[in-house]
Amino acid sequence: MSNLKINMNNIEEVAESLNSKSLRVCVIGIGRIGLPTALSFAKSGLQTIGVDINENLVKKINSGEFPLKDEPGYDVIFDNVIKNKKFSATTNISDAVSNSNLIVLSLPTTVDENNIPDYSALRNVATRLTELLSTYSLVIVESTVEPGFIEDEMVSIISKSERLEIEKNFFIGVCPENANPGEILHDFTNLPRLVGGINDNITKIITKIYDFVFSVELVEMPNCKTANAVKLTTNVFRDVNIAFVSELSLMFEKLGIDTNKVLEAAKKKYNFQVHYPGPGVGGPCLPINSYQLLNSAKRAGVKLSMIESGRKINEKMPDHVVKLTSDAFKESNKSFQNSDILILGVSYKPNVKDIQLSPAEKIIKKLQNLGINVYVYDPYFTSENVFGIKVEDNLDDILPKMDAVIIVTSHDDFKKIKISSFAKMKTPILIDTRGIIDPSSAKLEKVIFRGLGRGNS
Ligand SMILES: NC(=O)c1ccc[n+]([C@@H]2O[C@H](COP(=O)([O-])OP(=O)(O)OC[C@H]3O[C@@H](n4cnc5c(N)ncnc54)[C@H](O)[C@@H]3O)[C@@H](O)[C@H]2O)c1
């Protein structure tokens, strides 16, 4: 397959290649965000190839099995683009890159065990691009990175090849992804997106391409680093605000005030943006994005004390969940040690199958260290092994054998459970870390109830 050369620095050539559907796209990293992204490019009529190091994922995709069961709408798009051969997957980065004009990177950006950002996937792929990138190609980084990472690192790694000179014969920009797992199709077709290029011309070219594929509002930023700064600011805003309400909720518990009631009333004020307390903050974005900004601050020689405190508070919330639980056992006169406790929900957020940095893991480990027998029920992981525990396949069977239940994730399914089911447990202790249980109905059913931030409950 020979690559039709398109000068990705020339807006007329790019426009013509979109209209004639001759632009060839390669998306590297086809996970939660990259796969829907690649499917959207393919749906717009552009020939798209997805590259991933995960052989099983590639096999699954090429055999026609859609791997993201919790992303409504993309299953149909997947079937169509596979059927009309607009999309396929491969582990072979060489052919995929050298036959494409546009390379989109949707690689993971995580943190290591010391919460230091880990950009190794991006660095590894950038090193490969040095040898594989065709001249006049455009690279767009959708992964979340610190401001300056593109200009300082990606460009210098790719430019190591004497063949490639930035702004002369290869081009780079960013379009940071901000979709919500479980709602990606909705978000891709509704949320405005940020665009930042290595120069203004590239910003305009990326805008043209994304307008063709996504038809959403595109916000042009002065450069890559400003676009990445906006992306981090919006997520870190949430991490810090969750820490703020979580810390307040600990005090409200002591003062006999129900945080739910406070927030329901507070949000009536026009300039109050509600955030909810919880057992900790997980997922591939919020905690990592805060650590990314803290890393930027360290490099810039400044201190971001509010983000630092927020992280400490959110990291300590699992301890409070364990404390609430042991407190409830005291009321029951049942020994906490050796008890049987069921964790309801392991996903870091409701209605998705995703356990990345989920607070459930810390809560489970802490309980196990105290000699407690921990069980797990989560409809998204039925019969799978999660955090070393086999997930129960039937809630009704396991509940009566339990001394306590801790609601960690507010999956919609859990909101439908009747309080009377908890009353039938061996010891009826219920800990709600997500504010989904009405304390008075728990009391009516004689369930020993503790709600995170629910004073007087
Ligand atoms: N998931 C989200 O909610 C979300 C939302 C917005 C932005 N983001 C950002 O999008 C980026 C991707 O996140 P994700 O959630 O899709 O991650 P993911 O882990 O679901 O997918 C990443 C994929 O990249 C593959 N991969 C890893 N190293 C590779 C390599 N060297 N070559 C080829 N493939 C490789 C993995 O096998 C995986 O399939 C991250 O920067 C993340 O911060 C994620």
Side-chain angles (χ1 to χ4, degrees), residues 26-40 49-62 66-71 74 89-97 100 103-111 117-130 132 139-147 149-150 154 157 174-188 191-194 224 227-228 230-236 238-239 281-293 295 347-358:
C26 167
V27 178
I28 309 182
I30 42 173
R32 168 70 68 175
I33 296 293
L35 180 58
T37 301
L39 296 177
S40 297
I49 187 151
V51 178
D52 207 288
I53 47 171
N54 181 339
E55 284 178 22
N56 285 338
L57 176 69
V58 168
K59 254 190 219 146
K60 211 181 217 184
I61 289 172
N62 287 337
F66 182 58
L68 297 173
K69 300 272 183 276
D70 51 0
E71 288 302 344
Y74 267 110
T90 180
T91 53
N92 184 343
I93 188 171
S94 313
D95 287 352
V97 168
S100 300
I103 317 296
V104 178
L105 305 186
S106 190
L107 291 155
T109 45
T110 56
V111 288
D118 175 358
Y119 298 115
S120 55
L122 278 170
R123 288 192 182 109
N124 290 343
V125 168
T127 305
R128 298 301 313 275
L129 295 183
T130 305
L132 300 174
V139 178
I140 300 178
V141 181
E142 288 205 2
S143 302
T144 310
V145 293
E146 288 169 49
F149 182 80
I150 303 299
M154 291 297 283
I157 298 174
V174 301
C175 188
E177 184 41 58
N178 55 8
N180 241 334
E183 299 163 41
I184 292 184
L185 183 57
H186 170 270
D187 289 355
F188 273 12
L191 294 188
R193 294 190 63 154
L194 306 158
C224 302
N228 289 130
V230 178
K231 158 77 197 187
L232 289 180
T233 302
T234 52
N235 274 356
V236 174
R238 292 180 54 217
D239 196 36
V281 176
C285 292
L286 268 52
I288 292 169
N289 297 166
S290 283
Y291 289 122
Q292 288 174 324
L293 264 195
N295 197 47
S347 292
Y348 78 91
K349 63 174 276 192
N351 309 325
V352 293
K353 182 177 183 177
D354 196 336
I355 53 168
Q356 291 179 77
L357 300 183
S358 172

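Atoms within a ligand are numbered from 1 in the order they appear, just like the ligands themselves. Everything numeric here is computed off the predicted structure, so don't read it as measured data.
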Please could you name the atoms of ligand 1 that [X] approaches to less than 4.0 Å, counting only its heavy atoms?
X	value
G31	16 (O), 20 (O), 21 (O), 23 (C), 39 (O)
P181	2 (C), 3 (O)
P284	1 (N), 2 (C), 3 (O), 43 (O)
I28	33 (C)
K231	6 (C), 7 (C)

Checklist entry - Any idea which of L105, D52, N54 brings a heavy atom closest to atom 37 (O) of ligand 1? => result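 The option holding the nearest heavy atom is D52.
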Checklist entry - Relative to atom 44 (C) of ligand 1, which among V27, I33, T127, I30 owns the nearest non-hydrogen atom? => result I33
State the [atom1]-[atom2] distance between [X] and [Y], to the nearest 0.5 angstrom.
X	Y	atom1	atom2	result
D354	K349	CG	NZ	9.0 Å
N62	T91	CG	OG1	9.5 Å
I184	E71	CD1	CD	4.0 Å

Checklist entry - N124: heavy atom below 4.0 Å from ligand 1, yes or no? => result no
Next on the checklist: Check contact between E142 and ligand 1, using heavy atoms of the residue and a distance below 4.0 angstrom.
Outcome noted: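 Not so, E142 does not reach ligand 1.
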When you measure from [atom] to every protein heavy atom, which one gives the shortest distance, and what is it?
atom	value
atom 27 (C) of ligand 1	P108 CD, 3.6 Å
atom 11 (C) of ligand 1	L107 O, 3.4 Å
atom 9 (C) of ligand 1	T144 OG1, 3.6 Å
atom 31 (N) of ligand 1	V125 CG2, 3.7 Å
atom 34 (N) of ligand 1	I53 N, 3.4 Å

Would one find an N or O of [X], backbone or side chain, under 3.5 Å from an N or O of ligand 1?
X	value
E177	no
T109	yes
R32	yes

Compare every heavy atom of [Y] with every heavy atom of [X], then report the nearest pair and how far apart it is.
X	Y	answer
N235	C285	ND2-CB, 3.6 Å
S347	K353	OG-CA, 4.0 Å
I30	G50	CG2-CA, 3.8 Å

Checklist entry - Are any of the side-chain heavy atoms of Y348 and L286 separated by less than 4.5 Å? => result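 A side-chain contact under 4.5 Å is absent here.
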Checklist entry - If only atom types and distance count, is the side chain of Q292 paired as donor or acceptor with the main-chain N or O of T144 below 3.5 Å? => result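 Indeed, once roles are kept as given, a pair shorter than 3.5 Å links the two residues.
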Item to check | Expected output: side-chain T109 to main-chain V145 donor-acceptor under 3.5 Å | outcome: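 Here the side-chain-to-backbone pair does not exist.
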Next on the checklist: Below 30° counts as parallel, above 60° as perpendicular, anything between as tilted: where do the rings of Y119 and F149 land?
Outcome noted: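 Y119 vs F149 ring planes: tilted.
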Checklist outcome for this item: With heavy atoms and a 4.0 Å threshold, my read on which part of N289 contacts ligand 1 is neither
Checklist outcome for this item: Honestly, for A179 the part within reach of ligand 1 (heavy atoms, under 4.0 Å) is backbone
Item to check | Verdict with supporting geometry, R193 and E177, salt bridge (charged side-chain N to carboxylate O under 4.0 Å, His left out) | outcome: CA-CA 7 Å; R193 294 190 63 154; E177 184 41 58; 2.8 Å; yes
Next on the checklist: Determine whether D118 and S120 satisfy the following criterion, side-chain hydrogen bond (donor to acceptor under 3.5 Å, both in side chains), listing intermediate values before the conclusion.
Outcome noted: CA-CA 6 Å; D118 175 358; S120 55; 2.7 Å; yes
